[in-house]
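Working notes, structure below.
Whatever order the structure lists them in is the order used to number ligands and atoms, beginning at 1. Computed from a predicted model, the values in this text were never measured in an experiment.
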Amino acid sequence: METMPFRDEHQKAIVMPSTEAVVSTDWRQGLPTLHGRRVVLRELRASDAASLFALLTTEEVSRFISPPPSTVEGFERFIAWTIRQRTAGTYACFAVTVAGFDTAIGIFQVREKEPGFGTAEWGFAMGSAFWGTGLFQDGAELVLDFAFDTLGVHRLEARAAVLNGRGNGALLKMGAVQECLLRKSFQKDGAYLDQALYSILATDRRGARLATATRTTRVH
Ligand SMILES: CC(C)(COP(=O)(O)OP(=O)(O)OC[C@H]1O[C@@H](n2cnc3c(N)ncnc32)[C@H](O)[C@@H]1OP(=O)(O)O)[C@@H](O)C(=O)NCCC(=O)NCCS
């Protein structure tokens, strides 16, 4: 979310998304619903605004990311914006839900950095009550598969403030490689923070899958 392009004050036309489930083979017409072991990722809906506002605007969640919308209505505008960007084919934002419950407890975002999603950037945030539960990794696996297999991403970037221990740890455990330090690249509460730039390449992901498959075959 650090460098995601949504800015609430710039939103004018508000188009609320349909609350009906969208089933399509083309993600631009509606994001697929992705099922993990314990999470379900789905398209955001206007009705997610209240839970996302409650969970993502706390001090600990928002400490190292761009300021989230400051009202429920701001989250409604953000959600409408995500649908417009998805329809335009430049961005995808999934709601994180726990299997069996429909409440949105966080988001995963992927945006293109060049036309066609060759290079893209991802970001994520979840309510702090769900940190350290394994839900992040479960959802992140789904998003990585979506990015590389469905969007056709070649290089997936992420940025994390160096002071953001959990954010850096989360990226590293998903196989992201830290490439460099972006000095004083992120302004937060009037101060400029250093960020680390991470990437996962499509070839890294294929290698990781192969290693997992090999380990699984050996165990059985
Ligand atoms: C980023 C986020 C979604 C990750 O979810 P999470 O449930 O906290 O992630 P996990 O617990 O699965 O993984 C975090 C890892 O960082 C490690 N970690 C925690 N604090 C750390 C620290 N100070 N330094 C280094 N690693 C740390 C954890 O031990 C864990 O690794 P492990 O599972 O191997 O033990 C969540 O923390 C969040 O929403 N943070 C606020 C939003 C945010 O910062 N988003 C941008 C990230 S770049």
- Given Gly169, Gly132, Ala170, which has its nearest heavy atom closest to atom 6 (P) of ligand 1? Gly132

- Task: Pull out every atom of ligand 1 sitting under 4.0 Å from any heavy atom of Ala125, numbered as shown with elements.
- Result: 39 (O), 42 (C)

- With atoms numbered from 1 as shown, which atoms in ligand 1 lie under 4.0 angstrom from a non-hydrogen atom of Ile65? 43 (C), 44 (O), 45 (N), 46 (C)

- Task: Starting at CG of Leu144, measure out to CH2 of Trp122 and round the result to the nearest 0.5 Å.
- Result: 4.0 Å

- Any donor-acceptor pair under 3.5 Å from Arg86 side chain to Glu43 backbone: no

- Checking Asp194 side chain against Lys184 main chain: does a donor-acceptor pair fall under 3.5 Å? yes

Compute the shortest N/O to N/O distance between [X] and ligand 1 and return yes if it is under 3.5 Å, no if not.
X	value
Arg166	yes
Met126	yes
Asn164	yes
Gln137	no

- Distance-only side-chain donor-acceptor flag, Thr90 / Gln85, under 3.5 Å: yes

- Query: Touching ligand 1 at all, Arg159? Heavy atoms, strictly under 4.0 Å?
  - Reply: yes

- Message: Heavy-atom contact check, 4.0 Å cutoff: does Phe64 meet ligand 1?
- Response: no

- Salt bridge between Glu141 and Arg205, side-chain N to carboxylate O under 4.0 Å? yes

- Message: Quick check: Phe146 with Phe108 (ring centres under 6.0 Å apart)?
- Response: no

- Item | Asp149: partners by salt bridge (charged side-chain N to carboxylate O under 4.0 Å, His left out), with sequence neighbours left out | Arg209

